[in-house]
> 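The structure that follows is given in the form of structure tokens.
Chain naming here is simple, since letters A, B, ... match the order of the sequence lines and numbering starts at 1 in each.
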Protein chains: 2
Amino acid sequence: MGRPRGFDEATVIRSAAELFSTRSYDGISMDDLVTHLGVHRNSLYKTFGSKRGLYQAALRWSLEHHIAPLIDRVAGAGDLAQALHVAVGEPAEEAGLNLLLMAVVERAPVDREVADQLAPVLAAFDQAARTAAGQHSPAGQHPPGEQHSPAENARQDEDDVAFALTATILGLRLRARAGTSGTNVDQAGAALAHRLTRHP
Amino acid sequence: MGRPRGFDEATVIRSAAELFSTRSYDGISMDDLVTHLGVHRNSLYKTFGSKRGLYQAALRWSLEHHIAPLIDRVAGAGDLAQALHVAVGEPAEEAGLNLLLMAVVERAPVDREVADQLAPVLAAFDQAARTAAGQHSPAGQHPPGEQHSPAENARQDEDDVAFALTATILGLRLRARAGTSGTNVDQAGAALAHRLTRHP
DNA sequence: GCAGTTTAGGAATGAACAGTCAAGAACGTT
DNA sequence: AACGTTCTTGACTGTTCATTCCTAAACTGC
């Protein structure tokens, strides 16, 4: 009952995510959003409560619909080269990764809820990178013990490499954003993957 | 002649760089700067012209006094592990790299002068990473020819790996900034370097 | 100690900002 | 067709923003 909405909420969220992926949170005004989304201020406030609410909805949507599938594809990639390719080479995921990048760099440090939302995503990325890098040891957190058995060291090493690989993926997207052509970024990822998998 | 300054310009620039490294450009107001720097608004405007002028001075200073020496140390590192360690493991350079990170992610896309200033710095980083990764081929741009001789391919590959390594350095700093729980960044860099140098 | 020059300080300006209000329009229900 | 409900709309509010004005202060040279 009541007047029907003149806009599709999912579409608005997707457009907002796109806009938020291009500039900093404080660099985007509500007027910018109103213009870019083609939806009236009050409709946005009614639906999302505040600018922050809209941002959070956009981030959540992007993490769920862009990043999570991307993580799955990274985890399912046959080898590391393919994993890096799907992570940075696909232009379709640009907006999603750019928003993640912005969120990590400039939102997380000043918004705890954002930080708390991103932490598990980065962890999942690590896990996927670890899977793609070579299925040597099973998933899992580190057990509490302080002993350094060879098996534990190996597992820790896998974690560390995966952590660095996620960093590389984000760094490569950062550089693509900074002006380097996508082709070169993809090529750089391939070159690094090749070096890392030379010695299986 | 005239009344002497009540502040040291270099100190102010350094403090501004520190502050700009913590939040986005638009997330920092002139009031924030006035408070953090302990210098009156008018003195800042008299000296730097505008908020953007102050930012540019801070960025230039940081690139010159933090990033350039860091690049030199990366280039001079004995091996890749050491290069990554000096790049991400030294807490003294945190502010410099964080500012670089913020500049690349959120300033460069909306401020061409910043973008133009960062491009050669990233290129220098690539060159240093290439040097640290192994002194196989001399420095230099690619010659114009389109042939793909083995030597050229090797050189291109070195460039690509170096590009990816710079991305990794920035990515690792990004993750350090994001509050890495568990795995530490330095250790991750070391693990990746170890994998990359296993096969010389 | 006065003239000239440069900085400091506080107050002001207008624009842009996030968020709100009240009136009306489009529906389902009765 | 009258009603309650939900959405739309444009104007509005108070705040914060970057930037500027003006006067007083601190110095140098005469």
Side-chain angles (χ1 to χ4, degrees), chain A residues 1-60 102-103 106-107 110-114, chain B residues 1-60 99 102-103 106-107 109-114:
Chain A
M1 36 189 151
R3 180 171 174 170
R5 284 203 169 150
F7 62 94
D8 176 39
E9 188 169 327
T11 304
V12 163
I13 291 178
R14 189 163 49 81
S15 290
E18 207 171 304
L19 185 56
F20 277 127
S21 76
T22 62
R23 300 204 297 272
S24 79
Y25 178 82
D26 289 305
I28 293 173
S29 70
M30 275 310 247
D31 283 338
D32 290 338
L33 286 160
V34 166
T35 301
H36 188 260
L37 306 181
V39 173
H40 201 84
R41 306 174 73 76
N42 274 8
S43 301
L44 294 179
Y45 277 99
K46 197 88 169 174
T47 310
F48 304 102
S50 66
K51 180 185 178 185
R52 183 163 173 262
L54 175 52
Y55 177 85
Q56 283 172 326
L59 178 60
R60 183 172 21 243
M102 291 288 266
E106 73 108 8
R107 263 346 261 167
V110 295
D111 189 327
R112 179 175 290 268
E113 279 191 55
V114 170
Chain B
M1 37 189 151
R3 179 171 173 169
R5 284 201 169 153
F7 63 94
D8 176 39
E9 189 169 325
T11 304
V12 163
I13 290 178
R14 189 163 50 80
S15 291
E18 207 170 304
L19 185 56
F20 276 126
S21 76
T22 62
R23 300 204 297 272
S24 79
Y25 178 82
D26 289 306
I28 293 172
S29 69
M30 275 309 250
D31 282 340
D32 291 337
L33 285 160
V34 166
T35 302
H36 188 259
L37 305 181
V39 173
H40 200 83
R41 310 171 74 76
N42 275 4
S43 302
L44 294 179
Y45 276 99
K46 196 88 169 176
T47 310
F48 302 103
S50 65
K51 182 186 177 185
R52 183 162 173 263
L54 175 53
Y55 178 83
Q56 283 172 326
L59 179 59
R60 183 169 24 241
L99 180 57
M102 290 288 266
E106 73 108 8
R107 262 347 258 167
V110 295
D111 190 328
R112 179 175 288 269
E113 279 192 55
V114 169

> Run through B:L19, B:T22, B:L59 and flag the one making a side chain to side chain contact (heavy atoms under 4.5 Å, CB included) with B:L99.
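Answer to the side chain to side chain contact (heavy atoms under 4.5 Å, CB included) test with B:L99 among B:L19, B:T22, B:L59: B:L59.
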> Taking atom C1' of D:dT19 as reference, at what distance in whole Å does atom CZ of B:F48 sit?
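From B:F48 CZ to D:dT19 C1': 16 Å.
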> Would you kindly give the NZ-to-P distance between A:K51 and C:dA18, to the nearest whole Å?
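Rounded to whole Å, this separation is 4 Å.
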> May I ask you to evaluate whether A:S43 reaches the phosphate of D:dT8, defined as a side-chain N or O under 4.0 Å from OP1 or OP2?
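The answer is yes; a side-chain N or O of A:S43 sits under 4.0 Å from OP1 or OP2.
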> Indicate yes or no: at least one non-hydrogen side-chain atom of A:H36 is less than 4.5 angstrom from one of A:I28.
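The answer is no; the side chains never approach within 4.5 Å.
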> Mind checking A:L33 for me? I need base, sugar-phosphate or nothing, with any heavy atom below 4.0 Å counting as a touch.
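Touches nothing.
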> Take atom OH of B:Y55 and atom C1' of D:dT19, then tell me their distance rounded to the nearest Å.
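Taking atom C1' of D:dT19 as the reference, OH of B:Y55 is at 20 Å.
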> In terms of side-chain geometry, is the basic nitrogen of A:D111 or A:R52 positioned less than 4.0 Å from the acidic oxygen of its partner?
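Result for this pair is yes, salt bridge flagged.
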> Would you mind reading off the distance between A:M1 atom CE and D:dA2 atom C1', rounded to a whole angstrom?
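Going from CE in A:M1 over to C1' in D:dA2 covers 17 Å.
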> Tell me: NE2 of B:H40 to C1' of D:dA18, nearest whole Å?
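Rounded to whole Å, this separation is 14 Å.
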> For a 4.5 angstrom cut-off between non-hydrogen side-chain atoms, does B:E106 reach B:Y25?
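Contact flag for B:E106/B:Y25 side chains = yes.
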> Counting the atoms with a prime plus P, OP1 and OP2 as sugar-phosphate, which does B:L54 contact under 4.0 Å by heavy atoms, base, sugar-phosphate, or nothing?
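It contacts nothing in the nucleic acid.
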> Closest to the A:R3 side chain: D:dT8, D:dA18, C:dC17?
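Side chain of A:R3 sits closest to D:dT8.
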> Measure the distance from CG on A:L44 to C1' on D:dG10 and round it to the nearest whole Å.
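Going from A:L44 (CG) to D:dG10 (C1'), I get 15 Å.
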> Verify, without hydrogens or angle tests, whether A:S21 (side chain) and A:E18 (backbone) share a donor-acceptor contact under 3.5 angstrom.
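The answer is yes, because a donor-acceptor pair under 3.5 Å joins these two groups.
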> If you check the B:F7 side chain, which of D:dT28, C:dA8, D:dT9 turns out closest?
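Taking heavy atoms from C-beta onward, the closest nucleotide is C:dA8.
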> Whether the side chain of B:R5 and the base of C:dA8 hold a donor-acceptor pair under 3.5 Å is what I'd like checked.
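Checked by distance alone, the answer is no.
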> Can you find a side chain N or O atom of B:K46 that sits less than 4.0 Å from OP1 or OP2 on C:dT7?
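Answer no for this pair, as no side-chain N or O of B:K46 is under 4.0 Å from OP1 or OP2.
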> D:dA26, D:dA18, C:dG19: which one has an atom nearest the side-chain heavy atoms of B:Y45?
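Closest nucleotide among those given: D:dA18.
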> Rounding to an integer number of Å, can you tell me how far A:D26 CG sits from D:dT16 C1'?
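Computing the A:D26:CG to D:dT16:C1' distance gives 12 Å.
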> So if I take every side-chain heavy atom of A:P4 and compare against C:dG28, D:dT28, C:dA26, which nucleotide ends up nearest?
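That would be C:dA26.
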> Do A:R41 and C:dG19 have a side chain to base donor-acceptor pair shorter than 3.5 Å?
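Present.
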> Separation of A:L37 atom CG from D:dT8 atom C1', in whole Å?
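About 16 Å, once rounded to whole Å.
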